[in-house]
K.L.:
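Pasting a structure below so you can have a look.
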Amino acid sequence: MNEILNKPSEKKSNFIREIIDEDLRTNKWNGRVHTRFPPEPNGYLHIGHAKSILLNYGLAKDYNGKFNLRFDDTNPEKEEQEYVDSIVEDVKWLGADFENRILFASDYFDEMYLFAIALIKKEKAYVCDLTAEQIRETRGTLTEPGIESPFRNRSVEENLSLFEQMKNGEFPDGTKTLRAKIDMASPNFNLRDPIMYRILHAHHHRQGDKWKIYPTYDWAHGIEDSIEKITHSICTLEFENHRPLYDWYLEQLEVYHPQQIEFARLNLNYTVMSKRRLLKLVQEKFVDGWDDPRMPTISGFRRRGYTPESIINFTDTIGVAKRDALSDFSLLEFAIRDDLNKKALRVMSVLKPLKVVITNYDGEEDIEAINNPEDITAGTRKLKFSKEIFIEQSDFMEVPVKGYHRLFLGGEVRLRYAYIIKCDEIVKDENDNIIELRCTYEQDTKSGSGTSTKKVKGVIHWISANNCVDAEVRLYDRLFTVENPNAEENWLDFINPNSLEIIENAKIEAGLLSAKFPTNFQFERMGYFCIDSKYSSAKKIVFNRTVSLKDSWTKK
RNA sequence: UGCCGGGUCGUCUAAUGGUAGGACAGCGGCCUUUGGAGCCGUACGUGGAGGUUCAAAUCCUCCCUCGGCAGCCA
């Protein structure tokens, strides 16, 4: 488990914590707090789920309560084991401790069936023969009440018999449903005789072919919470209209009755968050799988180099409230930079190399470099310095623009940790491309020597030509070109065609050959990077850029 | 159109009848051998109109506006 999550919390309050404080004061739950995260295993988790996980787990932790991981697997048609596995991995990675309570709604199917019979006996549920289309037609509209089903007043005996036959698989899919008998004139659609069970001759990922009927969300969810003795059943805003039904079922059943509380889901700009749309990006290969580093999935952020701590700090920053919000990506970027600034080892890497020959230097020497100026315990390392080095192409301009204080013809710049060099000559190929710079160094300007009186404005990174290896580096940009692709009907039209830039021949310190995921590095002046866990191999090392360094010059 | 829920700096979020505050982003400066980090400063907001009150983001009324709901999805 990671440290941040287990530290005593100084989180700011929110309306849910106020509810819990009040419940504790009135002893509503005998001092207990028990939350849960109930994903449907039909996709990978995204950062919005991380908000929910961390909210529920954080509450349990801070109030000395418990937190369950429960799969809401009531729809066999969309659910797969692959998703269960990825969800467990992601929740664990975030550090939300469910104490091995991996629960499944499907394990409660027998109990739910019994509860349904109880409702039938109370004359609060009936078997309805209407087709899906007929049910839609009789549900009414926003302004008109619905029409009662002709099957609404079947006898208890007939309902019991029919329901059992449904369970036994005696009817084809869609021919009958079990409906709650509530109020076809309710202004809340959810109370217009909602469906509790549908007939589905489908294979369930855990129950196999045992069941021919499957409970709907509304019927199942409150029972799941009740069985687990959840105190606060936290869900997103779109379930607000479902709360009266949640309450109705539990009241009719006369069982333990948790409180449902709704909060606003997370939205992030320049990305999409719905599972349906994320699935589409994966299936139609707009991205390289659910864990593509451009995806807002937890696995995507992990592969990108984000840390659990950064996501925890981000969710603390955005808080919990009831108003719809579209959070700025920069809030997330701040969280990861802030974390990595403290932790990441600094290394030299030249992404787009330009060869520099130092004409008055011969031989080779070791240059000491600091591994992390924010953490002196990270120590130092030796860099090789020699006659031939590489610098970043963008760190040289033949004719400097105003405000540019790196290298230019006739100009001087400091090589980080090493010497000040002066550019004497540009070597070009037949197409007028700059292929080499010829420079001279000043011996007494060596970094840390104290012998230099010279000051230069610019400091650039570099790498010795005889002590570096090639690497592939992947740079990522936002996935969409519009701030809120969620709001766009034709959202696929706004995919950023330049969201991935692959640099084939970057130069990295030879020591990085042994780097392992998920170690985070800062390539000095270029950003934070980590090994790509999918494509990096002994043959070809691949780095992902987690996030760029904040750079006040390039922004201008 | 019926019901439900919202509207506080550009963004996210506090203040629950008593000084509208914080973070990010922005801007300016200092410092710096990463144009990073750090430090200092600055600017910026209660959707509107009435009302109650010594006092309103907060309570009341009306209006405007945004979101959700008419799956045998969750």
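Here the structure is a predicted model, which means the values were calculated and not measured. Values below: all heavy atoms of this structure, side chains included; hydrogens, waters and symmetry mates excluded. All chains are named by letter (A, B, ...) in the order of the sequence lines, taking the proteins before the strands, and each is independently numbered beginning at 1.
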K.L.:
Assign A/Gln522 to base, sugar-phosphate, or nothing according to its heavy-atom contacts below 4.0 angstrom with the strands shown.
P.N.:
base
K.L.:
Quick one: the side chain of A/Glu374 and the base of B/G36, do they pair up donor-acceptor inside 3.5 Å?
P.N.:
yes
K.L.:
Using whole Å, what does the distance between atom P of nucleotide B/C72 and atom CZ of A/Arg179 come to?
P.N.:
8 Å
K.L.:
Quick one: is B/G35 close enough that its OP1 or OP2 comes under 4.0 Å of any side-chain N or O from A/Arg525?
P.N.:
yes
K.L.:
State which residues pass side-chain hydrogen bond (donor to acceptor under 3.5 Å, both in side chains) with A/Asn486; sequence neighbours excluded, sorted by chain then number.
P.N.:
A/Asn484
K.L.:
Decide whether a cation-pi geometry holds between A/Arg478 and A/Phe329; the criteria are a distance under 6.0 Å from NZ or CZ to the six-membered ring centre and an angle within 45° of the ring axis.
P.N.:
no
K.L.:
Hey, what are the protein-to-nucleotides 6-10 of chain B N/O distances that come in under 3.5 Å?
P.N.:
residue : atom : partner  : partner atom : Å
B/U8    : OP2  : A/Arg323 : NH1          : 3.3
B/U8    : O4   : A/Arg323 : NH2          : 3.2

K.L.:
Base, sugar-phosphate alone, or nothing: which one does A/Val320 contact when heavy atoms must sit under 4.0 Å apart?
P.N.:
sugar-phosphate
K.L.:
Report each atom pair, protein N/O against N/O of nucleotides 21-23 of chain B, whose distance is under 3.5 angstrom.
P.N.:
none

K.L.:
For A/Thr177, which contact category applies under a 4.0 Å heavy-atom criterion: base, sugar-phosphate, or nothing?
P.N.:
base
K.L.:
Need one value for A/Leu549: base, sugar-phosphate or nothing, where a base atom within 4.0 Å counts as base even if backbone is also close, heavy atoms only.
P.N.:
base
K.L.:
With sequence neighbours excluded, what pairs up with A/Thr236 under the side-chain hydrogen bond (donor to acceptor under 3.5 Å, both in side chains) test?
P.N.:
A/Glu238
K.L.:
Please work out if A/Glu77 contacts a base, only the sugar-phosphate, or nothing of the nucleic acid, heavy-atom cut-off 4.0 Å.
P.N.:
nothing
K.L.:
Looking across every strand, which nucleic acid part, if any, lies under 4.0 Å from A/Ala325 by heavy atom: base, sugar-phosphate, or nothing?
P.N.:
sugar-phosphate
K.L.:
Rounding to a whole Å, what distance do you find between A/Tyr528:OH and B/U34:P?
P.N.:
13 Å
K.L.:
Mind calculating the distance between CG (A/Leu191) and P (B/C3) to the nearest angstrom?
P.N.:
15 Å
K.L.:
B/G2 and B/U11: how far apart are their P atoms, nearest whole angstrom?
P.N.:
30 Å
K.L.:
Select base, sugar-phosphate, or nothing to describe what A/Leu245 touches, counting heavy atoms under 4.0 Å on all strands.
P.N.:
nothing
K.L.:
Quick one: label A/Asn188 by what it contacts on the DNA or RNA (base, sugar-phosphate, nothing), any heavy atom closer than 4.0 Å.
P.N.:
nothing
K.L.:
Suppose we screen for side-chain hydrogen bond (donor to acceptor under 3.5 Å, both in side chains). Which residues come up paired with A/Tyr249, at least two apart in sequence or across chains?
P.N.:
none
K.L.:
Could you list the residues that satisfy side-chain hydrogen bond (donor to acceptor under 3.5 Å, both in side chains) with A/Asn269, not counting sequence neighbours?
P.N.:
A/Glu483
K.L.:
With respect to the side chain of A/Trp553, which nucleotide from B/A14, B/A74, B/G35 is positioned closest?
P.N.:
B/G35
K.L.:
So, is the end of the A/Arg337 side chain (NZ or CZ) under 6.0 Å from the ring centre of A/Phe334 and within 45° of the ring's axis?
P.N.:
no
K.L.:
Within the modelled atom types, does a donor on one side and an acceptor on the other bring the side chain of A/Ser447 and the base of B/U33 under 3.5 Å apart?
P.N.:
yes
K.L.:
When you compare the protein's N or O atoms with those of nucleotides 43-47 of chain B, which come within less than 3.5 Å of each other, and at what distance?
P.N.:
none

K.L.:
Among all residues two or more places apart in sequence or in another chain, which pass the salt bridge (charged side-chain N to carboxylate O under 4.0 Å, His left out) test with A/Glu144?
P.N.:
none
K.L.:
Rounded to the Å, how far apart are A/Ile195 CD1 and B/G71 P?
P.N.:
10 Å
K.L.:
Are A/Gln522 and A/Leu340 close enough that some pair of their side-chain heavy atoms sits under 4.5 Å apart?
P.N.:
no
K.L.:
With sugar-phosphate meaning primed atoms plus P, OP1 and OP2, does A/Phe15 contact a base, only sugar-phosphate, or nothing at under 4.0 Å between heavy atoms?
P.N.:
nothing
K.L.:
Could you tell me how the ring of A/Phe523 sits relative to the ring of A/Phe543: parallel (under 30°), tilted (30 to 60°) or perpendicular (over 60°)?
P.N.:
perpendicular
K.L.:
Side-chain N or O of A/Arg139 less than 4.0 angstrom from OP1 or OP2 on B/G71?
P.N.:
yes
K.L.:
Between B/U16, B/G35, B/A37, which one does the side chain of A/Asn341 approach most closely?
P.N.:
B/A37
K.L.:
Please work out which of the three classes, parallel, tilted or perpendicular, describes the rings of A/Tyr214 and A/His204, given edges at 30° and 60°.
P.N.:
parallel
K.L.:
Under 4.0 angstrom, heavy atoms only, what part of the nucleic acid is A/Thr131 near: base, sugar-phosphate, or nothing?
P.N.:
base
K.L.:
Can you tell me which residue pairs pass the salt bridge (Lys or Arg N to Asp or Glu O under 4.0 Å) test with a partner in residues 266-276 of chain A, sequence neighbours excluded?
P.N.:
none
K.L.:
Counting any heavy atom closer than 4.0 Å, what does A/Gly458 reach on the DNA or RNA strands: base, sugar-phosphate only, or nothing?
P.N.:
nothing
K.L.:
Below 4.0 angstrom from OP1 or OP2 of B/A25, is there any side-chain N or O of A/Lys550?
P.N.:
yes
K.L.:
In chain order, what residues pass the salt bridge (charged side-chain N to carboxylate O under 4.0 Å, His left out) check against A/Lys78, with sequence neighbours excluded?
P.N.:
none
K.L.:
Just to be sure I follow the notation: if a pair is Watson-Crick (purine N1 to pyrimidine N3 plus N6-O4 or O6-N4) or a G-U wobble (N1-O2 and O6-N3), each under 3.5 Å, what dot-bracket string does RNA chain B give, with | for pairs to another strand?
P.N.:
.((((((..((((....[..)))).(((((.......)))))....(((((..]....))))))))))).....
K.L.:
For the side chain of A/Glu40, counting heavy atoms from C-beta on, which of B/U34, B/G35, B/A74 is nearest?
P.N.:
B/A74
K.L.:
Of A/Tyr306, A/Trp290, A/Tyr44, which meets ring pair (Phe, Tyr, Trp, His ring centres under 6.0 Å) against A/Phe301?
P.N.:
A/Tyr306
K.L.:
Here's a test for you: under side chain to side chain contact (heavy atoms under 4.5 Å, CB included), which of A/Glu170, A/Met166, A/Lys167, A/His201 qualifies with A/Lys212?
P.N.:
A/His201
K.L.:
With a 4.0 Å cut-off on heavy atoms, is A/Leu326 in touch with a base, just the backbone sugar-phosphate, or nothing at all?
P.N.:
sugar-phosphate
K.L.:
What integer distance in Å separates A/Arg265:CZ from B/C12:P?
P.N.:
16 Å
K.L.:
Assign A/Arg337 to base, sugar-phosphate, or nothing according to its heavy-atom contacts below 4.0 angstrom with the strands shown.
P.N.:
nothing
K.L.:
Taking the inter-plane angle between the rings of A/Trp462 and A/Phe385 on a 0 to 90° scale, is it parallel (under 30°), tilted (30 to 60°) or perpendicular (over 60°)?
P.N.:
perpendicular
K.L.:
Tell me every residue that passes salt bridge (charged side-chain N to carboxylate O under 4.0 Å, His left out) with A/Arg136, counting only those two or more places apart in sequence or in another chain.
P.N.:
none
K.L.:
Given the P atoms of B/C44 and B/G50, what is the spacing between them in whole Å?
P.N.:
25 Å
K.L.:
Is B/G41 syn or is it anti, if syn means the base angle is within 90 degrees of 0?
P.N.:
anti
K.L.:
With RNA chain B as reference, determine whether A/Arg136 or A/Leu142 sits nearer its 5' end, using the nearest nucleotide of each.
P.N.:
A/Leu142
K.L.:
State which of B/A15, B/G35, B/C73 makes the closest approach to the side chain of A/Arg198.
P.N.:
B/C73
K.L.:
Ignoring backbone atoms, establish whether A/Thr216 has a side-chain N or O less than 4.0 Å from OP1 or OP2 of B/A74.
P.N.:
no
K.L.:
A/Asp72 side chain: which of B/C73, B/A74, B/A14 is closest?
P.N.:
B/A74
K.L.:
With a non-hydrogen cut-off below 4.0 angstrom, is A/His221 in contact with a base, only sugar-phosphate, or nothing?
P.N.:
nothing
K.L.:
In terms of side-chain heavy atoms of A/Pro373, which of B/C73, B/C12, B/G36 is nearest?
P.N.:
B/G36
K.L.:
Would you mind reading off the distance between A/Met526 atom CE and B/G35 atom P, rounded to a whole angstrom?
P.N.:
11 Å
